[in-house]
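Comments concern the structure below.
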2 protein chains.
Amino acid sequence: MSGQPKGWEAIRAEVLRRIRARDWAPGEAIPNEADLAAEFGCARATVNRALRDLAAAGVLERRRKAGTRVALHPVRKATLDIPVTRAEVEARGQSYSFRLLQSEMALPPVPVALKLGLAPGSRLLHLRTLHLADGKPFLHEDRWLNPAALPQPLPDFAAISANEWLVTHVAYTSGDIAFSAENASDAEAAILGLPKGTALFVTERSTWSEAQPITAVRLAHAPGYRLHTLV
Amino acid sequence: MSGQPKGWEAIRAEVLRRIRARDWAPGEAIPNEADLAAEFGCARATVNRALRDLAAAGVLERRRKAGTRVALHPVRKATLDIPVTRAEVEARGQSYSFRLLQSEMALPPVPVALKLGLAPGSRLLHLRTLHLADGKPFLHEDRWLNPAALPQPLPDFAAISANEWLVTHVAYTSGDIAFSAENASDAEAAILGLPKGTALFVTERSTWSEAQPITAVRLAHAPGYRLHTLV
DNA sequence: GAGTGGTCTAGACCACCAA
DNA sequence: TGGTGGTCTAGACCACTCC
């Protein structure tokens, strides 16, 4: 019967406050939705919305019948925005350009074929692209495309970057992304104009559409790149 | 009047299918909620739930009065789980341990003080910890803690890792996370038992609770570390 | 079996903002 | 200023799962 928060965001804030204040300690069950709705003087659906949101953020754990508990190990969930490279460069106020270094049908390396679940011997389109910000190397992209799963005809990838074409011509269904750090090889260092061994921030992505493998790509970012998240 | 999907997830799937099929092209407006509800034979709230979810995923853009459009530049939003280090190591089936290398009050470097918004001259608790997986260096943690914002008494950080203690004793309110790649310094390479210059995956996090700065931490991961996301 | 969260409905009011 | 999404309500049924 305390002060009555207005709206589901206010309820979420109040629940968070109680958790912070340790009124409800980690591992402990909190009142059920019906009771909270009565206390806050709102409909159960409103409480549900607030608690669902906190559960999605990893703050609460909910199970039917078992009720709602304060998460013991609040797995921090962070959401990243992964923009198209052009947008990323332009958002920094720099001019974007790119150079297609290579475009040819080839046999992908085994790890790539495995990751995409392709039969050995399948040939893919291999694209290597250097993306530039204000004319300086920004990102080296090494991409394998599965033409069998793409709408035809394919464009001229020297004129439009593969990423932008895919975004508008292939529906994104699912994929996975991994981030890691690697020392630049001789070849990659040369491409990016860096000393050999420079630490590179590497993004690897593979994408499927309707269970068909579309593309596997490795992005090696020049030093200074930071993937940033506001939580 | 097509086949009637059941439930908001089915509606989300159907909308996604139409976007993938380019029935609704990028940049194009889709019917409003009321019309879709009529078509699908469900309540508007159900359509709303589905479209809100797609908007949160970056697939749709919604504005009052302007309606709902297929996103032109589908900013990929990836959600990362960032577990406590102990859980992360144990999830690999390895045994977790850690060694406190340093614990002392000290003046933080300027960038740390700035990031936390502290007055120059504020002294913080400086902790350096080596986390081990199966006895091998896994992660070097360099942490600055603001005792003024923490519940007293502070624990023995040689017995419980700062991360685990914070998780259960300080409510998480907000913070930001950044990822980058760095070449290991001599000192850090020695601590991690690596050659100098090895590429390290670095996570930097700062955390506030109720507008009070709690902690700034830099985590340097040994090679092989990958931050992985299923989308 | 029974309690809990998950979802749906039909209707309503409101905030926002492009026309 | 009217159309659109955002939200809330009161009630209902269902799915899951702990006891």
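All values below were derived from every heavy atom in this structure, side-chain atoms included, with hydrogens, water molecules and symmetry-related copies excluded. Protein chains get the first letters and strands the later ones, always in sequence-line order, with residue 1 at the start of each.
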Measure the distance from [atom1] on [X] to [atom2] on [N] and round it to the nearest whole Å.
X       : N      : atom1 : atom2 : answer
A:Asp35 : C:dT4  : CG    : P     : 8 Å
B:Glu9  : C:dG6  : CD    : P     : 12 Å
A:Glu33 : D:dC16 : CD    : P     : 17 Å
A:Arg64 : D:dC14 : CZ    : P     : 13 Å
A:Glu61 : D:dT17 : CD    : P     : 14 Å
A:Asn48 : D:dG6  : CG    : P     : 18 Å
B:Arg12 : C:dG6  : CZ    : P     : 15 Å
B:Arg62 : C:dC17 : CZ    : P     : 14 Å

Worksheet entry | Pair of N/O donor and acceptor under 3.5 Å linking D:dG6 base with B:Arg44 side chain |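 It does, because a donor-acceptor pair links the side chain of B:Arg44 to the base of D:dG6 below 3.5 Å.
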Worksheet item: Does A:Thr68 have a side-chain nitrogen or oxygen under 4.0 Å from the phosphate oxygens OP1 or OP2 of C:dG5?
Response: yes
Practice prompt. Please state whether the phosphate of D:dT7, meaning OP1 or OP2, lies under 4.0 angstrom from any side-chain nitrogen or oxygen of A:Thr46.
Written response: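 The answer is no; no side-chain N or O of A:Thr46 sits under 4.0 Å from OP1 or OP2.
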Worksheet entry | Rounded distance [0.5 Å steps], CG in B:Leu100 versus CD in B:Glu141 |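 Rounded to the nearest 0.5 Å, the CG-CD separation comes to 9.5 Å.
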Item to complete: Calculate, to the nearest 0.5 Å, the distance between atoms CG and CG belonging to A:Leu60 and A:Leu16 respectively.
Response: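 So the CG of A:Leu60 and the CG of A:Leu16 are separated by 8.0 Å.
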Item to complete: Look at the rings of B:Tyr225 and B:Phe201 and say which category their plane angle falls in: under 30° parallel, 30 to 60° tilted, over 60° perpendicular.
Response: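 If you compare the ring of B:Tyr225 with that of B:Phe201, the planes turn out tilted.
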Worksheet item: Considering only D:dA10, C:dT7, D:dG5, which nucleotide approaches the side chain of B:Asn32 most closely?
Response: D:dG5
Item to complete: Counting heavy atoms from C-beta on, name the nucleotide in D:dC8, D:dC18, C:dA18 closest to the side chain of B:Arg63.
Response: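 When the side chain of B:Arg63 is considered, C:dA18 is the closest of D:dC8, D:dC18, C:dA18.
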Discussion item. Is it true that B:Arg86 and B:Ser161 share a donor-acceptor pair across their side chains at a distance under 3.5 Å?
Written reply: no
Discussion item. For A:Lys65 and A:Ala45, find the nucleotide of DNA chain D closest to each by heavy atoms; which residue's nucleotide sits nearer the 5' end?
Written reply: A:Ala45
Worksheet entry | Any A:Val202 side-chain heavy atom under 4.5 Å of A:His221 side chain | no
